[in-house]
Amino acid sequence: MGVSYSALREKDEIRLLRIEPGTGSAQVKCSLVHARLRESPTYDAVSYMWGLDNGPGSTKTTLLAIDGGRTMEVQENLGNALRYLRLRDKARVLWVDAICINQADPTERGHQVAQMGMIYSQATTVRVWLGLPDELSLKAFRFLENPGTIRRMKEGIIELDGWEAVASLCKREYWDRLWIIQELVLAARIEIHCGVRVLSWELFSNALFALEAGLQAFACVLTPFRAGAIIARVVDSAAMKICRQRRAHTESGPVTELASLLSLLWIHKDAKCVDIRDKVFGMHSFAPECCRLCVPVDYTCSAYTLCRRLLEHD
């Protein structure tokens, strides 16, 4: 039997997913509870990629036990994330869009998506799920966790094997998602998960910025060699772009003049999403109030109607 969602009646009401303790391959057991954002509930938000395994429309799924005797089918990548994110000895409370939003109700979906900026900014921690580990990801985590990595970089010592592993991590499909722009830029705190390994955002981004800072000094000797190609794969990656956007957002303070929705659409034209309408809705949190009011998040409207509203407003 599938999940039966109870209605969200308050404007700032959300559902949270309470995951019971568990380990290994045991089925994930969880329950849904209601909360109001104005009451500052304690939860972590999950940032992950839908359809990671076989792309959009993937048939690989896993079953969760939810609210007692009910089950819910989710894509395998999310199922893996919840297995690794659950705690061994106590429950963990998460916000997960695919589960906490009734995806079959376009009205609720639109209302909740319009609140996602607030949901991610109020989360205690945003937990990035990059997927299952491989040899390169394990190597990248060890390299980035090493306190000597940045120091050696500043001294001009380039450890190619370590940076090649980081380049592979930065090229994972997760980083191309449009939705992670607001999920990560607005987060108060971020931790990156790949299997059982966990890395703070500060360690990850500081290493990438150190590499970028050293690029100009090393460019004249690196360009013809393998090192130049490896470094370029990191500093030109979507992951690096997110690091820059997050730093700019946190350092700029209040912004008096925001880019229009149409401008944001152009700036992030390469970001990927399954529903073409999310190209607009995924930018709502960064748009001026006039854009949000004239082009509301509304999944009952067609892509054609949405484009017309966008052009008429701009």
Side-chain angles (χ1 to χ4, degrees), residues 2-20 28-50 64-68 70-75 77-79 81-82 85-87 90-129 177-191 193 249 273-275 277-278 280-287 289 292-293 295-300:
V3 177
S4 178
Y5 285 100
S6 54
L8 299 173
R9 303 192 183 281
E10 300 289 334
K11 185 177 180 180
D12 66 337
E13 192 172 1
I14 61 172
R15 298 184 189 90
L16 295 173
L17 187 70
R18 185 180 188 274
I19 303 182
E20 299 302 323
V28 174
K29 297 180 180 180
C30 48
S31 57
L32 285 169
V33 296
H34 286 215
R36 295 182 178 91
L37 288 172
R38 66 176 176 269
E39 295 175 354
S40 301
T42 300
Y43 64 94
D44 292 345
V46 183
S47 179
Y48 67 103
M49 182 172 176
W50 287 46
L64 310 179
I66 190 165
D67 289 335
R70 300 179 183 275
T71 59
M72 183 176 190
E73 191 175 47
V74 298
Q75 290 205 354
N77 183 52
L78 176 54
L82 297 180
L85 291 176
R86 65 182 167 181
L87 301 174
K90 61 180 179 180
R92 166 170 267 171
V93 179
L94 300 172
W95 189 84
V96 185
D97 58 354
I99 300 174
C100 296
I101 299 174
N102 181 0
Q103 301 293 330
D105 182 343
T107 301
E108 178 186 303
R109 185 180 169 201
H111 179 71
Q112 291 288 290
V113 166
Q115 295 192 101
M116 280 178 62
M118 188 178 298
I119 291 170
Y120 276 89
S121 63
Q122 286 193 203
T124 302
T125 302
V126 171
R127 302 200 171 274
V128 170
W129 173 251
R177 289 182 60 240
L178 179 137
W179 284 107
I180 71 168
I181 298 167
Q182 69 168 353
E183 293 167 3
L184 302 188
V185 169
L186 300 178
R189 179 173 179 268
I190 304 170
E191 289 194 340
H193 296 252
H249 180 80
C273 56
V274 175
D275 189 331
R277 295 171 295 181
D278 287 338
V280 177
F281 300 153
M283 292 292 105
H284 244 241
S285 297
F286 301 112
E289 184 178 7
R292 298 197 301 270
L293 292 174
V295 191
V297 178
D298 180 6
Y299 284 99
T300 65

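Please read these numbers as outputs of a predicted model, since none were measured by experiment. Numbers for residues simply follow the sequence, beginning at 1.
- To the nearest 0.5 angstrom, W50 atom CH2 is 12.0 Å from C273 atom SG.
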For this session: Go through the steps to decide whether V46 and L85 satisfy the test side-chain contact (heavy atoms from CB on, under 4.5 Å), and finish with yes or no.
Result: CA-CA 9 Å; V46 183; L85 291 176; 3.9 Å; yes
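- Two residues are said to be in side-chain contact when any heavy atoms from C-beta on lie closer than 4.5 Å; H284 and V113 fail this criterion.
- With contacts defined as side-chain heavy-atom distances shorter than 4.5 Å, the pair W95/V126 does not qualify.
- The CG atom of L8 lies 4.0 Å from the CZ atom of R15; values are rounded to the nearest 0.5 Å.
- Atom CG of L37 and atom CD of Q122 lie 5.0 Å apart (nearest 0.5 Å).
- When every heavy atom of F281 is checked against every heavy atom of P296, the shortest pair comes out as CE2-O, 3.5 Å.
- Using a 4.5 Å heavy-atom cutoff, the side chains of V74 and V96 are not in contact.
- Looking at heavy atoms from C-beta onward, M116 lies out of side-chain contact with S285 at the 4.5 angstrom threshold.
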Problem set entry | Check against side-chain contact (heavy atoms from CB on, under 4.5 Å), N102 and Q112 | CA-CA 9 Å; N102 181 0; Q112 291 288 290; over 6 Å; no
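- Within the 4.5 Å cutoff, side-chain heavy atoms of I99 are placed close to those of L78.
- For the pair C30 and I19, the tightest heavy-atom approach, listed with the atom from each and the gap, is CB-CA, 4.0 Å.
- With respect to K11 and E13, no salt bridge is recorded, no charged nitrogen being found less than 4.0 Å from a carboxylate O.
- In this structure, the side chains of R109 and V297 stay at 4.5 Å or more apart for every pair of heavy atoms.
- With hydrogens and angles disregarded, a donor-acceptor distance shorter than 3.5 Å links the side chain of D12 to the backbone of R38.
- A 4.5 Å side-chain heavy-atom check between Y299 and D278 finds at least one atom pair inside the cut-off.
- By the 4.5 Å heavy-atom criterion applied to side chains, I180 and V128 are not counted as neighbours.
- Within a 6.0 Å radius of CD in E39, more than 12 heavy atoms belonging to other residues, nucleotides or ligands are found.
- A donor and an acceptor atom, one from each side chain of T125 and R189, are located under 3.5 Å apart.
- For the side-chain hydrogen bond (donor to acceptor under 3.5 Å, both in side chains) with S47, the lone residue among Q182, R127, E183 that qualifies is E183.
- Here the CE atom belonging to M72 is positioned 6.0 Å from the CD1 atom belonging to I66, to the nearest 0.5 angstrom.
- A donor-acceptor contact closer than 3.5 angstrom links the side chains of D97 and Y48.
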